[in-house]
Amino acid sequence: MKFSLKRFMVFPAAILALSLPAVAKQAVETAELTFKNISVYADGQLVDTTGAEPFIYNGTTYLPVRAVAEALGKEVNWVGETSTVYLGAMPSAFVETDTLLEDMYSYNSTFSKVEHINKGADNKSNSYTSGCVFNCSSTGKTNENSAEYSLNGKYSSLKGVIAVPYVERNVQKTRVVKFYGDGELIYTSAELAKDSEPEPFELDLSDISVLKIQIEGSANVGIYDAMFYAK
């Protein structure tokens, strides 16, 4: 399962201590927000809200749920599949296990397609039992595509192989794969060309909430036999 609340998320102060329902109205609206340098105290201690400033909307004060909950000693988890926030204990169904990359939920993806494969081969005809092929788009000002994955610090590492897919073995383009943990660059692959050797990699994901996979270049990339290892 996948969780993250690293990004800016706010909820009305009145429901801060509740577990939100999994089914709710989905809408997009333009709102006028009032910022008044609102201070928040938990048990007499000032809560650091510099990363997500409280605001007022329609007479209701909204607070950053992670900052306030953690100040009260509550762990915060976000389950993207059901759009649910959990404060404190979570249902036993969400205990983390080792998870394949293709079984992870991604969001904010700009790839034209991410193919989840049961079997695959690279440009050197090496076979793999699982993986994802990231189809890159060359539209826009830059040839960069990315996708983010919610980890919420539940995984210790990610191991796999970066390679040129077999179907791209004759494509005269290059590409570079970068991994970001909570916005910080943690791994950069070698430049991949049609004759490049597959590149095994291992990432330390301890305490990382959001992993971003970014590919620079308009050619497709395979990440094979990639496993997130739970703590």
Side-chain angles (χ1 to χ4, degrees), residues 1-11 16-17 19-20 40 42-43 45-54 63-110 114 130-132 134 144 146-162 176-189 199-216 223-231:
M1 305 304 297
K2 293 67 66 178
F3 319 119
S4 175
L5 213 61
K6 184 74 174 180
R7 293 177 168 273
F8 179 68
M9 297 190 68
V10 294
F11 298 95
L16 185 62
S19 175
L20 300 185
V40 180
D43 293 330
Q45 298 295 317
L46 181 65
V47 177
D48 182 5
T49 59
T50 54
E53 186 178 350
L63 306 178
V65 65
R66 176 174 289 280
V68 176
E70 290 185 347
L72 296 171
K74 294 290 186 180
E75 183 179 0
V76 182
N77 287 294
W78 164 252
V79 181
E81 292 92 333
T82 58
S83 297
T84 303
V85 175
Y86 290 93
L87 305 184
M90 296 184 65
S92 58
F94 295 123
V95 174
E96 295 294 349
T97 59
D98 297 347
T99 307
L100 291 168
L101 173 62
E102 60 264 35
D103 292 332
M104 294 286 282
Y105 172 78
S106 65
Y107 63 98
N108 290 340
S109 176
T110 61
V114 178
S130 67
C132 291
F134 294 84
E144 293 181 359
S146 63
E148 295 179 279
Y149 297 83
S150 299
L151 307 183
N152 209 48
K154 303 295 185 180
Y155 295 93
S156 62
S157 62
L158 170 65
K159 299 178 184 180
V161 178
I162 299 169
V176 173
V177 181
K178 294 182 177 181
F179 293 89
Y180 292 83
D182 295 337
E184 298 292 331
L185 180 64
I186 58 176
Y187 186 91
T188 301
S189 75
E199 180 176 330
F201 70 93
E202 180 176 353
L203 308 180
D204 181 1
L205 301 180
S206 302
D207 301 320
I208 288 180
S209 293
V210 177
L211 178 71
K212 181 170 78 171
I213 299 176
Q214 178 174 297
I215 298 176
E216 298 178 357
I223 300 182
Y224 299 105
D225 289 351
M227 180 75 76
F228 288 93
Y229 290 91
K231 290 182 177 180

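Ala230 and Thr97 make their closest contact through CB-C, 3.8 Å (heavy atoms, listed as atom of the first residue, atom of the second, distance). When every heavy atom of Pro54 is checked against every heavy atom of Thr49, the shortest pair comes out as CD-OG1, 3.6 Å.
If you run side-chain contact (heavy atoms from CB on, under 4.5 Å) between Tyr180 and each of Ile213, Val210, Leu185, only Leu185 comes through.
Met104 is listed as a side-chain neighbour of Leu151, based on a closest heavy-atom distance under 4.5 Å. Side-chain contact between Asp103 and Phe228 is absent, with no heavy atoms from C-beta onward closer than 4.5 Å. For the pair Ser106 and Val114, the minimum side-chain heavy-atom distance is 4.5 Å or more.
In this structure, the side chain to side chain contact (heavy atoms under 4.5 Å, CB included) partners of Asp48, at least two apart in sequence or on a different chain, are Thr50. Take Tyr187 and apply the side chain to side chain donor-acceptor pair (under 3.5 Å) test, not counting sequence neighbours, and it matches Glu199. With sequence neighbours excluded, the residues that form a side chain to side chain contact (heavy atoms under 4.5 Å, CB included) with Ala71 are Ala42, Val47. A search for salt bridge (Lys or Arg N to Asp or Glu O under 4.0 Å) contacts involving Glu202 returns Lys159, not counting sequence neighbours. Partners of Asp204 by salt bridge (Lys or Arg N to Asp or Glu O under 4.0 Å), not counting sequence neighbours: none found. Checked against side chain to side chain donor-acceptor pair (under 3.5 Å), Glu216 has the following partners two or more places apart in sequence or in another chain: Lys178, Gln214.
A distance of 14.5 Å separates CG in Leu203 from OH in Tyr155, rounded to the nearest 0.5 Å. To the nearest 0.5 Å, atoms CG (Leu101) and CG (Leu211) are separated by 8.5 Å. For the atom pair Glu53 CD and Leu63 CG, the distance stands at 11.5 Å (nearest 0.5 Å). Remark: Tyr105 OH to Glu148 CD distance equals 11.0 Å, nearest 0.5 Å. One finds the CZ atom of Phe179 at 8.0 Å from the CD1 atom of Ile186 (value rounded to the nearest 0.5 Å). Rounding to the nearest 0.5 Å places CE of Met227 at 10.0 Å from CG of Leu158.
Remark: the backbone N or O of Ala147 is not paired with any side-chain donor or acceptor of Asn108 at under 3.5 angstrom. Counting only distance, with no hydrogens or angles, the side chain of Asp225 and the backbone of Gly160 share no donor-acceptor pair below 3.5 Å. Without hydrogens or angle criteria, Asp182 side chain to Ile208 main chain gives no donor-acceptor distance under 3.5 Å. The backbone N or O of Tyr229 lies less than 3.5 Å from a partner atom in the side chain of Ser156, making a donor-acceptor pair. Between the side chain of Thr110 and the backbone N or O of Ser146 there is at least one donor-acceptor pair closer than 3.5 Å.
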What verdict does the side chain to side chain contact (heavy atoms under 4.5 Å, CB included) test give for Ser150 and Tyr107, after you've listed the backbone C-alpha separation in whole Å, the side-chain angles of each residue and the deciding distance to 0.1 Å? CA-CA 8 Å; Ser150 299; Tyr107 63 98; 3.1 Å; yes
Test side chain to side chain contact (heavy atoms under 4.5 Å, CB included) on Leu205 and Lys231; report intermediate values, then the result. CA-CA 10 Å; Leu205 301 180; Lys231 290 182 177 180; over 6 Å; no
